[in-house]
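Step one of this worksheet: look at the structure below.
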Amino acid sequence: MILIFAISIKIRAIMSKAYIITGPTSGIGRATALELAKHGTVILVGRDQKKLDEVQHLIEQNGQHAVSVVCDLSDIPGVRRAAGEIIALGLPIAGLLNNAGISPMKPGKSAQGWDLTYATNFLGPFTLTEALIPHLPDRANVVFIASAVEDPERKPAKVIGLQGGRYISAEASACGEWKQGGSKLPGADAYATSKQCVLAAAMAFVREQPRLRFNAVEPGITPGTGLARDANPILGFLFSRVLTLFPPFSKYRSTPERAAQMITNVLTDRSEKTGVYYDEKGQPMLGSPLVRDPKFQDQVVAETRVFLSKAQQSAK
């Protein structure tokens, strides 16, 4: 009887709450996965089974619980399959953290032939979120990791030559085409535009899905993350380790551990807040005027749905 009672307690603990996190194997994602495990079962979604197993093992070593789902966020059919796997787990999902992101200097292509940065950072998270929405309980919290580089007037971004998001349309973005007058930094327009769409979609979901909560987070300039794997190592070192010690960059400096704590606080928050864009200190901030425009938000979401639907029909 004692053994059965102990097992039932463990089962209830596992089933109490579950949190989904994409990109949990390095940087902020890894630190956040370990932090989230203190609050419930963590569903780890990533493309590398071995790395997922490592994080899952770390969590289980601490007497906590995790489940791994292999998924490349840039592969949209794969994202839909992963969503099905998550739903089939039958866990009580309290939150979804769309964390996975890349910022390569060299353009790449997804399995569908789309711009790799845009597909990974936006199309994948958008697809995963839409697939899970009908299965999320009321007041579940969906959090997107955004970036202030979408704002062309953001001071640190302007200093290094970024020009903000360059959205033309969903189809143009998938083809790696951006509005003229962009940055001369390789990969910058793709990354900024993907994050522009992330923030626009998050705020559109707030109005579309009032039974759920949708929020976004700017994690700050965080040395030690694997975001720009293809970046010039010298430039990467200067920006993440040196420039962040001085204004205006120092104001936005964070660490994976600090960012993880802040993101976890946002995701597990019970205050019912929705439609909030948090800065690296966990305080509300504003996106660019364009991304705050409901018409632009609706445009991004509507065009993305049409684009993905046509692509799905063409693949049949």
Side-chain angles (χ1 to χ4, degrees), residues 10 14-15 17-104 106 108-132 135 142-145 194 222 224-231 256-257 259-260 263-264 267 315:
K10 185 175 182 180
I14 295 173
M15 293 296 291
K17 283 183 181 178
Y19 295 93
I20 305 163
I21 175 172
T22 65
T25 59
S26 64
I28 293 172
R30 182 186 180 95
T32 304
L34 297 178
E35 192 66 32
L36 275 174
K38 300 173 184 177
H39 298 267
T41 300
V42 183
I43 303 172
L44 307 166
V45 181
R47 59 185 175 180
D48 189 316
Q49 181 71 70
K50 183 178 179 181
K51 291 181 179 180
L52 289 173
D53 289 344
E54 290 173 359
V55 177
Q56 182 173 342
H57 180 65
L58 278 176
I59 290 172
E60 291 174 346
Q61 272 188 322
N62 293 328
Q64 298 155 346
H65 308 282
V67 181
S68 296
V69 175
V70 177
C71 173
D72 180 347
L73 267 293
S74 73
D75 180 8
I76 303 307
V79 172
R80 294 192 179 104
R81 286 193 295 271
E85 289 182 38
I86 293 169
I87 294 163
L89 291 172
L91 293 171
I93 299 169
L96 163 63
L97 176 60
N98 287 301
N99 164 76
I102 60 171
S103 181
K106 298 177 182 178
K109 296 294 183 183
S110 71
Q112 285 71 52
W114 302 332
D115 181 83
L116 187 61
T117 300
Y118 184 72
T120 302
N121 295 0
F122 177 60
L123 294 179
F126 182 90
T127 300
L128 181 64
T129 301
E130 292 241 291
L132 292 175
H135 305 275
V142 180
V143 175
F144 292 84
I145 298 301
S194 70
T222 311
T225 65
L227 192 63
R229 293 179 180 85
D230 299 322
E257 291 72 27
I263 292 166
T264 299
L267 188 62

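Just so it is clear, the model here is predicted, and its values are computed rather than measured.
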Q.
Let me confirm one number: the OG-CD distance from Ser26 to Glu54, rounded to the nearest 0.5 Å.
A. 11.0 Å
Q. What pairs meet the salt bridge (Lys or Arg N to Asp or Glu O under 4.0 Å) rule with one or both residues in residues 108-128, with sequence neighbours excluded?
A. none
Q: Go through the structure and list residues passing side-chain hydrogen bond (donor to acceptor under 3.5 Å, both in side chains) with Thr22, not counting sequence neighbours.
A: none
Q: Could you tell me which non-hydrogen atom of Ala83 sits nearest to which non-hydrogen atom of Ala131, and how far apart they are?
A: CB-CB, 3.6 Å
Q: Give a yes or no answer on whether the side chain of Gln112 reaches the backbone of Ile76 with a donor-acceptor pair at less than 3.5 Å.
A: yes
Q.
For a 4.5 angstrom cut-off between non-hydrogen side-chain atoms, does Asn99 reach Thr32?
A. no
Q. Taking only residues two or more places apart in sequence, or in another chain, which ones meet Ser110 in a side-chain hydrogen bond (donor to acceptor under 3.5 Å, both in side chains)?
A. none
Q) Closest heavy-atom contact between Ala18 and Ile43? A) CB-CD1, 4.4 Å
Q. Listed by chain and number, what are the side-chain hydrogen bond (donor to acceptor under 3.5 Å, both in side chains) partners of Gln49, not counting sequence neighbours?
A. Asp53
Q) Under 4.5 Å between any side-chain heavy atoms of Ile20 and Leu97, yes or no? A) no
Q: Could you tell me whether the side chain of Ile93 reaches within less than 4.5 Å of the side chain of Ile86, counting heavy atoms only?
A: yes
Q: Kindly state each residue pair satisfying salt bridge (Lys or Arg N to Asp or Glu O under 4.0 Å) with at least one member in residues 27-44, sequence neighbours excluded.
A: Glu35-Lys38
Q. When rounded to the nearest 0.5 angstrom, what distance separates OG1 in Thr127 from CZ in Phe122?
A. 8.5 Å
**Q.** Pair Thr25-Asp48, side-chain donor/acceptor within less than 3.5 Å
**A.** no
**Q.** Closest approach of Ala37 to Ile59 (non-hydrogen atoms, all atoms of both residues)
**A.** CB-CG2, 3.6 Å
Q.
Ignoring hydrogens, what is the shortest heavy-atom contact between Val42 and Ala33? Give both atom names and the distance.
A. CG2-O, 3.8 Å
Q | Contact check, side chains of Lys17 and Thr41, non-hydrogen atoms, under 4.5 Å | A | no
Q: Identify the two heavy atoms, one from Gly46 and one from Leu52, that lie closest to each other, and give their separation to 0.1 Å.
A: O-CD1, 3.5 Å
Q) Would you say the side chain of Arg47 lies within less than 4.5 Å of the side chain of Leu73, judging by non-hydrogen atoms? A) no
Q | Smallest separation among heavy atoms of Gly78 and Cys71, with atom names | A | O-SG, 4.0 Å
**Q.** Leu267 and Ile21, any side-chain heavy atoms less than 4.5 Å apart
**A.** no
Q: Output the distance between atom CG (Leu91) and atom NE2 (His135), rounded to the nearest 0.5 Å.
A: 14.0 Å
Q) Under the side-chain hydrogen bond (donor to acceptor under 3.5 Å, both in side chains) test, which residues partner Ser194, sequence neighbours left out? A) Asn121
Q) If we only count heavy atoms from C-beta on, is the Arg81 to Asp75 side-chain gap below 4.5 Å? A) yes
